[in-house]
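Below, each value reflects all heavy atoms present in this structure, side chains not excepted, and no hydrogens, waters or symmetry copies. Every chain is numbered from 1, with letters handed out A, B, ... down the list of sequences.
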Amino acid sequence: MAVQTPPSAVRRRVLGGGRWIPYAFVTPFVLVFLTFMLAPIVIALVNGLYSSQSSGLGFGGAETVFVGLRNYTRALADADFLVSFGRVALYGLVQVPVMMVIAAVMALLFDSALVRARRFFQFAVFLPYAVPGVIAALLWGFFYQPSVSPLVQGLRAIGIDADLLAPGTVLWSVANVSIWSNAGINMIILFSALQSLPRDTFEAARLDGAGELRIALNLKLPMIAPAVLLTTLSTVIGTLQLFNEPQVLQSITPNISSDWTPNMAIYAVSTLGRDPHLGSAMAVILGLVTLVVSLVLVRFTNSSSRGGAR
Amino acid sequence: MDAKVLSRHRVRRWTALLTTGFVAIAGLTACSSGGGGETAAGGAPAEGPVEIDFWGWVPGLEDLVETWNTENPDIQVSFHRMTGDDGQKVEAAVDAGTGPDLVQLSTHDLPDYVINGRVQDITEHVAEHESNYTAQSWASVSFDGRVYGVPQGIGPSGMMYRTDILEEHGIPVPTTWDEYLEAARALQAADPDVYIANLSPGEIGQWVQEVQQAEGSWYGIDGDAWTVGVNDEASMLVAERWQTLLDEGLVTTELMWTPEYWARVNAGDIATISYAAWFPTALAENAADTSGRWRVAAMPTNAGSDNQGDSGGAAVVVLDGAESAAAAAEFASWLNGSDETQEALITEGGLFPSTVNGLDSPALVEEQEFFGGQAINEVFIESAGNTPATWTEGPNWGTAQTAVLDEFAEVVGGSQTFAEALDNAQAATVDDLEARGLTVNE
């Protein structure tokens with residue numbers, strides 16, 4: 001009889017019957033992950049080992065044959081593809097620190113009591129992030145073209161002849177778009193981390209005579225190290241994946257080639273070059289490089305933060 | 001007309017990216033109607049009309065499709081206007097089995113589609129119409145004696161020039177490339193703000209028309225092997241010409257179709273533009289304020305030759321996976337070749353016809369206000385008649401074109417010469433063909 005069932009048995013029955021519940025909760029994630037992450041990776045890995053081959057003039061048709069690692073050797077022998085990695089590395093070396101410094105300085109300013117109309121400025125800094133990357137590049141594209149740019153014409157009026165799309169400057173014009181777009185979101189992440197810090201620590205520091213600058217640099221920044229790592233990591237990965245901004249700006253300047261970044265090279269080979277097999281191999285190489293860079297960065301910061309704690 | 005596709009890609013990538021959302025929606029609609037089309041097309045006639053899905057870019061096609069649908073209840077066509085990078089989606093869609101039945105395609109791209117089996121052999125459905133097409137346009141859709149598409153327009157060359165600027169400085173309209181160089185120097189000497197031309201490092205059609213004029217070809221067939229001529233003798237002649245103009249600072253180097261480019265055209269910085277018969281429509285649209293100041297003459301010629309060039313034609317092709325090839329081909333033949341459609345294709349579409357009845361159409365030689373009342377197509381008709389039949393399309397146009405344009409950017413940037421650029425692009429094109437298993441005779 002139900003009334004005589006001991007409480008423990010009831011609990012056991014509920015638990016037993018509910019064993020599926022966690023699985024139900026993770027199922028949507030697992031399905032999406034399998035379909036849109038794992039499956040494409042597996043498909044790219046397999047595709048990269050094949051090639052579409054014809055013979056003679058080719059009008060007899062093409063067949064897909066296994067070629068082992070030949071697509072990989074072709075990709076690695078392509079000097080322009082390798083140069084594109086160098087280009088994003090140079091870009092990252094400048095863009096990542098600039099972006100992180102801007103985001104951190106703004107977050108610290110907003111966190112201190114120094115800024116008036118804080119909500120307005122926070123909103124203003126964050127707003128560009130709400131503009132899709134392609135649109136942002138289009139907007140800046142107008143600023144970069146001399147005949148239609150108030151920026152270039154303004155500089156000209158004060159005697160500075162700036163070519164923002166020249167071979168030597170275009171990389172930084174692209175970086176500018178990306179910093180304008182993404183500094184805001186990084187600022188918000190760092191700012192929320194700052195807001196969750198215990199205020200009494202800073203009070204104590206103030207009593208000990210530390211100034212706001214000292215508190216910001218020696219207390220606040222080290223305490224939000226995990227958030228800094230997170231934003232740095234996503235910025236670095238974003239750098240390696242650079243595509244939207246240069247792809248859009250490519251239509252207004254010849255100084256961005258079709259294989260200007262690794263992702264653009266993959267796109268060009270797969271669509272214009274019509275070789276998705278080679279494109280897959282290149283995508284796998286880019287994925288591996290991204291993985292290695294991320295691991296190195298995490299390992300490096302882990303060990304340095306442990307060193308700092310000691 | 002490939003140059004047109006590309007130029008439109010550029011211009012559209014710029015303007016149409018603003019409407020990315022709409023494009024996405026249009027794409028979705030096209031996909032859903034594509035699915036419906038396939039199932040219906042496979043059925044017996046009793047089950048209802050055959051449905052054909054058609055992608056194209058020529059202005060005014062919507063109206064023509066509607067006319068067809070009203071007149072042909074058994075074959076219903078749904079049209080999707082191609083924008084942005086739609087052209088690059090076609091292959092993936094075909095391979096995935098979700099492609100349209102019919103698509104407008106540059107004839108430069110056709111061999112690659114044929115080799116990879118993405119288009120259907122429609123010889124038996126269209127052969128009866130051959131006599132209505134110019135020999136050259138028919139040849140551009142025929143491989144190994146089989147026909148893979150219905151020609152839709154060509155791009156014979158001409159030179160649009162600012163009659164007011166040339167007159168102001170007392171410079172005669174150049175008729176040869178030697179005179180052109182002299183005019184370029186005279187113009188710069190007279191007014192350092194005015195240049196004879198813009199050398200766009202992103203506009204392959206302008207390059208191709210001059211290579212063709214000099215009787216060169218990027219590809220050739222030698223027995224059972226391809227030959228590649230990206231750096232052939234004709235190309236080197238064109239390279240030398242533009243190297244001189246560039247080195248002497250006689251040309252601007254803006255990318256065509258950008259706001260910057262049109263600003264300079266409108267400002268009167270650029271005195272001549274050599275391009276295909278469809279370009280005047282674009283010029284009138286983007287430089288409306290300069291109306292009445294332009295005229296069209298034949299593109300300057302090489303010494304001892306009347307040759308003109310052609311930047312490329314287009315065709316409507318039946319894609320692999322289209323279940324009702326006969327119906328699709330019937331519509332394509334009507335669209336491109338019937339007496340009913342010629343005037344609309346010329347006036348609305350801005351096409352230069354590749355059909356006999358199109359070339360006879362009175363609409364073709366209408367006088368144009370933008371060009372001071374000149375019947376400009378008379379120039380292009382003559383140009384089409386003077387285009388040498390030496391150009392052969394080849395199997396990796398996309399790769400060759402990308403390689404050439406990337407290299408040209410470095411020429412304009414000053415880090416190499418045209419001759420070096422062509423040698424590099426030649427090597428890249430040959431490597432790519434060999435990687436595909438094709439035979440190349442070097």
Side-chain angles (χ1 to χ4, degrees), chain A residues 51-63 65 67 70-71 74 77-80 132 134-135 137-139 141-142 144-149 152 165-168 170 244 247-260 265 267-278, chain B residues 9-11 13-14 17-18 20 85 88-89 91-92 95 111-112 114-117 143-144 146 200-202 221 223-226 253-255 257-264 266-267 395-396 398-399 401-403 405-410 412-415 428 431-433 435-439:
Chain A
S51 175
S52 176
Q53 292 291 303
S54 313
S55 61
L57 290 174
F59 294 116
E63 54 180 340
V65 297
V67 293
R70 207 186 73 189
N71 286 323
R74 273 184 75 196
D78 180 351
D80 291 330
V134 169
I135 309 291
L138 283 172
L139 291 175
F142 278 102
Y144 293 156
Q145 295 182 83
S147 297
V148 291
S149 167
V152 177
L165 295 170
V170 72
N244 279 350
Q247 184 75 17
V248 171
L249 291 177
Q250 193 192 24
S251 64
I252 62 163
T253 173
N255 297 321
I256 296 178
S257 59
S258 63
D259 46 17
W260 205 67
Y267 176 79
V269 160
S270 310
T271 59
L272 291 166
R274 305 202 160 84
D275 194 343
H277 299 288
L278 178 57
Chain B
H9 273 170
R10 292 240 175 233
V11 80
R13 195 180 291 161
W14 182 251
L17 273 174
L18 290 167
T20 308
D85 291 346
Q88 292 161 24
K89 279 191 235 158
E91 287 152 71
D95 293 349
D112 188 56
V114 174
I115 285 173
N116 288 300
F143 299 92
D144 259 7
R146 312 302 297 172
S200 171
I221 292 177
D224 196 30
W226 290 99
T253 55
E254 305 300 343
L255 267 190
W257 309 101
T258 58
E260 185 69 20
Y261 173 76
W262 290 118
R264 301 201 74 159
N266 276 294
N396 64 345
T399 301
Q401 174 196 264
T402 310
L405 294 182
D406 279 351
E407 296 291 339
F408 280 6
E410 291 182 34
V412 168
S415 54
D431 284 352
D432 180 69
L433 285 179
R436 286 161 202 254
L438 298 166
T439 315

Is the shortest heavy-atom distance from the side chain of [X] to the side chain of [Y] under 4.5 Å?
X	Y	answer
A:Ser52	B:Asn116	yes
B:Pro259	A:Phe142	yes
A:Asp259	B:Asp406	yes
A:Gln145	B:Thr258	yes

Would you please test B:Thr439 and A:Leu57 for side-chain contact (heavy atoms from CB on, under 4.5 Å) and show each step?
-> CA-CA 6 Å; B:Thr439 315; A:Leu57 290 174; over 6 Å; no
Picking from B:Gly398, B:Ser415, B:Ala428, B:Ala403, which has the most non-hydrogen pairs under 4.5 angstrom with chain A?
->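 Top option by heavy-atom pairs under 4.5 Å: B:Gly398.
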What part of [X] is in contact with chain A, defined as an atom under 4.5 angstrom from a non-hydrogen atom: side chain, backbone, both or neither?
X	value
B:Ala435	both
B:Asp112	side chain
B:Asn396	neither
B:Glu260	both

Shortest non-hydrogen separation from A:Asn255 to B:Ala409 and the atoms involved |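 Scanning both residues completely, I find the closest heavy atoms to be OD1-O, 4.4 Å.
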Looking only at heavy atoms, which two atoms of B:Arg264 and A:Ser147 are closest? And how far apart?
->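 Here B:Arg264 and A:Ser147 meet closest at CG-OG, 4.2 Å.
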For the pair B:Glu254 and A:Ile252, evaluate side-chain contact (heavy atoms from CB on, under 4.5 Å) and give the outcome as yes or no after the intermediate values.
-> CA-CA 8 Å; B:Glu254 305 300 343; A:Ile252 62 163; over 6 Å; no
Can you tell me how far [atom2] of [Y] sits from [atom1] of [X], rounded to the nearest 0.5 angstrom?
X	Y	atom1	atom2	value
A:Gln53	B:Leu438	CD	CG	8.0 Å
B:Glu91	A:Ser270	CD	OG	11.0 Å
A:Arg74	B:Asp432	CZ	CG	6.0 Å

Between A:Ser51 and chain B, which part of the residue has a heavy atom less than 4.5 Å away: side chain, backbone, both or neither?
->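 Just the side chain, heavy atoms under 4.5 Å.
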